[in-house]
Amino acid sequence: MVTMMWEARAESETMDGLLAWVRGIAVPEISDAPAWQGAEIYRSDDHRVVVIAHFDGPVRDLPEPPTDLVARPPHAWTFTRVE
């Protein structure tokens, strides 16, 4: 199992838009990957959105969000489970 953690920070006034983009465009775009196992989406009080996506093989990266929705470019990390 491979897990990708993606994090983006929205401007305070664009949080709802970033969350809608993640739910409606970004996660559906990677969910057709052959190795897709599912994802969770989180939000924080300081305007961050985190996606934790699980794959049973090669990871598919989330697309770049519209620049007007984010305060800075998103960050992503890939992890493998330790048994």
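The chain is numbered in sequence order, starting from 1.
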Same cluster (ILVMFWY, side-chain, under 4.5 Å), V27 and V50 = no
query = Quick one: do V51 and L19 end up in the same hydrophobic cluster if we chain Ile, Leu, Val, Met, Phe, Trp and Tyr together by side-chain heavy atoms under 4.5 Å apart?
reply =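 V51 and L19: one cluster.
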request  = Report yes if some heavy atom in the side chain of D61 is under 4.5 Å from a heavy atom in the side chain of I30; otherwise report no.
outcome  =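 Side-chain contact under 4.5 Å: no.
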task = For the residue pair R60 and P34, establish whether any side-chain heavy-atom pair is separated by less than 4.5 Å.
result =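 Yes - at least one pair of side-chain heavy atoms lies under 4.5 Å apart.
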query = Got more than 12 heavy atoms from elsewhere within 6.0 Å of CZ, R72?
reply = yes
key: M15: which of D46, V49, L69 passes side-chain contact (heavy atoms from CB on, under 4.5 Å)   =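 It is V49, the one option of D46, V49, L69 that forms the side-chain contact (heavy atoms from CB on, under 4.5 Å) with M15.
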Say you draw a straight line from [atom1] of [X] to [atom2] of [Y]; how long is it, rounded to the nearest 0.5 Å?
| X | Y | atom1 | atom2 | answer |
| --- | --- | --- | --- | --- |
| E7 | I52 | CD | CD1 | 11.0 Å |
| T80 | M1 | OG1 | CE | 11.5 Å |
| E40 | M5 | CD | CE | 12.5 Å |

Over all heavy atoms of both residues, which pair between [X] and [Y] is shortest? Give the atoms and the distance, please.
| X | Y | value |
| --- | --- | --- |
| V59 | V2 | CG2-CG1, 3.2 Å |
| P74 | P65 | CG-CD, 3.7 Å |
| F55 | M4 | CE1-CB, 4.4 Å |
| L18 | A8 | CD2-CB, 4.1 Å |

task = Evaluate the ring planes of W6 and W21, with Trp represented by its six-membered ring, and classify them as parallel (under 30°), tilted (30 to 60°) or perpendicular (over 60°).
result =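 Judged by the thresholds at 30° and 60°, the geometry between W6 and W21 is tilted.
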query = Taking it one step at a time, do T14 and V70 satisfy side chain to side chain contact (heavy atoms under 4.5 Å, CB included)?
reply = CA-CA 7 Å; T14 63; V70 293; over 6 Å; no
